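These notes are about the structure you will find just below.
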Amino acid sequence: MPGLLEVNNLSVSFDTPKGAVQAVRNVSFTLSAGEIVAVVGESGCGKSVLCKSIMKLLPSSARIRSGSIRVKGVDITGYGEREMQRLRGKLFSMILQDPAAALNPIMPVGKQIAEAVKVHQPKISKLELKRRVVELMTMTGIDRPEERMEMYPCHFSGGMKQRSVMAAALAGNPKILFADEPTTALDVTIQAQILKLFKDISKKLGMSVVLVTHDLGTASQIADRVLVMYAGKIVETGTAKEVLGDPRHPYTRGLLRSLPAFSKGKKTLYTIPGMPPSLLHPPAGDAFACRNEYALRIDYEEEPPMFRITDTHYAAAWLLDKRAPKIPGSLPEPAIHTEDLHVSVETEDNAPSTRHDEILLDVQHLSHTFSVTKKLSVKAVDNVSFQIRRGEIFGLVGESGSGKSTAARCIMNICRPAGISKGVKGEPAKTRILYKGIDVCDRGQFRANKRMLETTRQIIFQDSGSSLNPRMKVCDIITEPMKIQNIIPPRGTLRAEARFQMHYVGLDEGYLDKYPTELSGGQRQRVAIARALAMEPELLVADEPAASLDVSIQAQIVNLFRHLQREHGFTFLFITHDLAMVEFLCDRVGVMYKGKLVETASVKELFSDPKHEYTKKLLGAVRG
Amino acid sequence: MRGLKAGRKVVSFILSVWILSVVVFYMARLAPGDPLVSYYGDRVEKMSRTERERAEDKLGLNDPVTVQYFRWIGRALQGDFGISYKYKMDVTEVIGKRVGNTLILGGIGLLLTFGLSLLLGVLCAWHEDRLIDRLICKAGTVTSCIPEFWLSLVLILVFAVHLRLFPSSGAYTIGREGEMGDRIWHLILPMTVVVTGHLWYYAYMVRNKLLEEVRTDYVLLARAKGLRKRSIMFRHCIWNMMPSYLGIMAVSVPHVLGGTYIVETVFSYPGLGTLSYESARYKDYNLLMVLCLMSGIMVILCNMAAQAVNERIDPRMRAD
């Protein structure tokens, strides 16, 4: 019996001025009805392209070079746009990463779902149509659907938007649902809900799901089978248990080991060295060879075939050949035991500490209200107080919209706190942000200490793609603050200084004269870090510095921070939504929820004995 | 709540018009030139000093500018905008004779520009990078390089002089003022010039905005839902592009309406374009004031209209 979807030797390439980029290379897999398959890999590995090429949703520069796509035994490889239109929505549908962009902002949500229903039932009556929309919205877990169907996407939260997208995608009762990073843009607690929804709906409708993700945690939660993709090829495939519990390809191992949970109690997070190769000219042999510490000579010469491990588990690595040497040691057990944690804390305490008891930053009753209109205002930060000691790494955790970034911006004088705080007895309390005893919110004090405040405090933003000026060279970006402040570079010239700082954050000198767009996300973030560190700051604020990066790159950046903080001894305010990272990096944590700081504790206390309900929920969501 | 909002809009409208009137009034008087020339013509050169003073006194020009302004605004509020120095009759009468012509030429020109550029833009975006798109874009680039006066002259030469299909000048045949057909016949050549002069800029904008929309995620989802290209283009993309298009259109209304000076001159078309130019050049203060206020009010009203339409289209623009 043929499977629901059979892909054989599929190769897809994009025509670019520089040549053909081979985004998908000889990919074969089958999907049976009701199955959830996760496609895992770093960004740029061809996961999304694979899904879109099956649905023929790629731009016109993409070509299917070879291979076939069969659905229930029927070859659809050569289908044109018109024939595909009939299949889309009905046979397969798709959910995209960013639900905010996937909905038309100027059309009521209900109408967008109704539209999808109408495509397949053009003669449906109005009443029937409405009933179907309500049914779809209820199925995807949207409360009060009658009321909400009239609302526009801008009135929905991220999770609700993703549910609406799902409702629209499910309108034609598709047999296969492609979900392209469906939870990446969502908060941790919402992620778990959406994943559960996938599982429930798949079971209820007997629908197959192809889940594209870079997050192995997500994959392990709901997938039946896992395909690991690297450089456009499938390098390992098997059931979720086999691939994640007994990974055989060095790449899969690398991915698993980069998860912070595996490095608990270690000084540095494991990272896969290097970057995925360019698919313009894919390297000969195993594309992963140059990043593989156990690479054999044959890896550089000949492409490995798929080796069979069990009937369902296959991997493409020469190491699995009978003639290959045995590699020492296998994947370490994930260290979730609490004993390990204690050990790690102790070793840290023995390390030469830069910590003092001096309080560097003292935030008192910080409130910030955004007024949308005269009547409507949003309390982004509500009476937040915390202190950071010199040399400490303080983590600020919370989901998006909890006010973390706004708090950081107030601390950095990027925005002026505007809002009324109340003291213990309800009396109005003055907002004060004391940095080295200077109230940075006070205009007079700020002006008197302007130069000191501007040089000793530095910030790093989340998206270095947009926070670095695309028209400036890396060298100029790094030294710009020195130029502005008229600081004589300690290493002679500005260029020498830039070179030194780049070396310091692990960037090759060759990038000095490159522009930010020529660098990868991880490299750009290193530039941002170098720029901040060039000023030798006493306080460094990093606002989600790793959130937009791949898992393996995230680990590199976090390692870098840890290393640099030890060497420099700067005080570090680290803002993130990722608890695992906090556990690895920080000394103390503050948890923010809806603008309020609900809990402040040392990392050890917080993870072993969370006090606040929300913290418990957050920890629960991460641990699954 | 709604009443309050409307009230605030009216207040801001009146305030803008008032500020505009002050600025135009002072600027016109600060600029060099002799307003008496437009009233007395060449005779001014032969006037003695006392004659000049008497003339200035008669027109109220030797009082301080502020006094002049308050006198002007006092009368204007009662509906008296003064007389045109050049035409020696009420400003409203001078404008009244020509405003219809301009509204027809500019108004229809605007509607045609709006409709045609939308059509061309959609056509190009639909066939992105195919022959028809490239042809239209190339043609547009070339056409927008042709100066208006040259195009006008060529059109007159070909269609009026050689082929004798259309009249070469005027707004109507003398003696047949009331006939609609005659007026339209006279309009065709100047209209062609007005529309071709503006069309490409807007068409190109529509095309590029649409192509931006086509590349968004919601279009991808719409395709994944199984929607046809036509539905996606006409139900989703066009409406998402509309607010920015309307915004640009609103600002350029007076540009299209009043920017017909060259066309009016070449075709001897009696419209406001020539009038505005002359009133500014010859210091016909009263006429200039009213013309400036008219185009100012037009901009403000068009912006308000565009805002109202955009609020209907896009819920995110509604401030509530």
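Note that the structure is a prediction, hence the values are computed from the model and not measured. Letters A, B, ... are given to chains in the order of the sequence lines, protein chains preceding strands, and every chain is numbered from 1.
- By the 6.0 Å contact criterion, CE on M27(B) is open, its count of non-hydrogen atoms from other residues, nucleotides or ligands being 12 or less.
- For chain B, the nearby parts of A168(A) are the backbone and the side chain; heavy atoms of each come within less than 4.5 Å.
- Interface remark: R235(B) contributes backbone and side-chain atoms alike to the contact with chain A (heavy atom separation under 4.5 Å).
- Within a 6.0 Å sphere centred on NZ of K229(B), other residues, nucleotides and ligands contribute more than 12 heavy atoms.
- Between L221(B) and M94(A), the closest heavy-atom pair is CD1-O, 3.3 Å.
- At a 4.5 Å heavy-atom cutoff, the contact between M107(A) and chain B is made by side-chain atoms alone.
- No salt bridge links E81(A) with R228(B); every basic N to acidic carboxylate O contact stays at or beyond 4.0 Å.
- Only the backbone of F92(A) comes within contact range of chain B, with at least one heavy atom under 4.5 Å from a heavy atom of that chain.
- Side-chain N or O atoms of K225(B) include none that pairs as donor or acceptor with a backbone N or O of V119(A) at under 3.5 Å.
- Comparing L170(A), L103(A), I95(A), D98(A) by heavy-atom pairs within less than 4.5 Å of chain B, the highest count is held by L103(A).
- In this structure, the portions of L57(A) lying under 4.5 Å from any heavy atom of chain B include both its backbone and its side chain.
- Looking at K56(A), the atoms closer than 4.5 Å to chain B (heavy atoms on both sides) all sit in the backbone: N, CA, C or O.
- Nearest heavy atoms, P315(B) versus P105(A): CG-O, 3.5 Å.
- Between the CD atom of Q112(A) and the NE2 atom of H236(B) there is a distance of 6.0 Å, given to the nearest 0.5 Å.
- Annotation for F13(B): atom CZ counts as buried by contact number, over 12 foreign heavy atoms lying within 6.0 Å.
- Interface summary for chain B: among P99(A), A169(A), G89(A), A171(A), the most heavy-atom pairs under 4.5 angstrom belong to G89(A).
- Shown here is K209(B), whose NZ atom has no more than 12 heavy atoms of other residues, nucleotides or ligands within 6.0 Å.
- Taking CG of L58(A) as the reference point, atom CG of L220(B) lies at 9.0 Å (rounded to 0.5 Å).
- The CZ atom of R130(B) sits 9.0 Å away from atom OG of S60(A), with the distance rounded to the nearest 0.5 Å.
- In this structure the side chain of N104(A) reaches within 4.5 angstrom of the side chain of Y218(B), judged on heavy atoms.
- Counting heavy-atom pairs under 4.5 Å between each of D314(B), D129(B), N240(B) and chain A puts N240(B) at the top.
- Within a 6.0 Å sphere centred on OH of Y201(B), heavy atoms belonging to other residues, nucleotides or ligands number 12 at most.
- For K379(A), the NZ atom is densely surrounded, since the number of other residues' heavy atoms within 6.0 Å is greater than 12.
- For the atom pair L96(A) CG and D217(B) CG, the distance stands at 5.0 Å (nearest 0.5 Å).
- The 12-atom threshold is exceeded at CH2 of W126(B), counting heavy atoms of other residues, nucleotides or ligands nearer than 6.0 Å.
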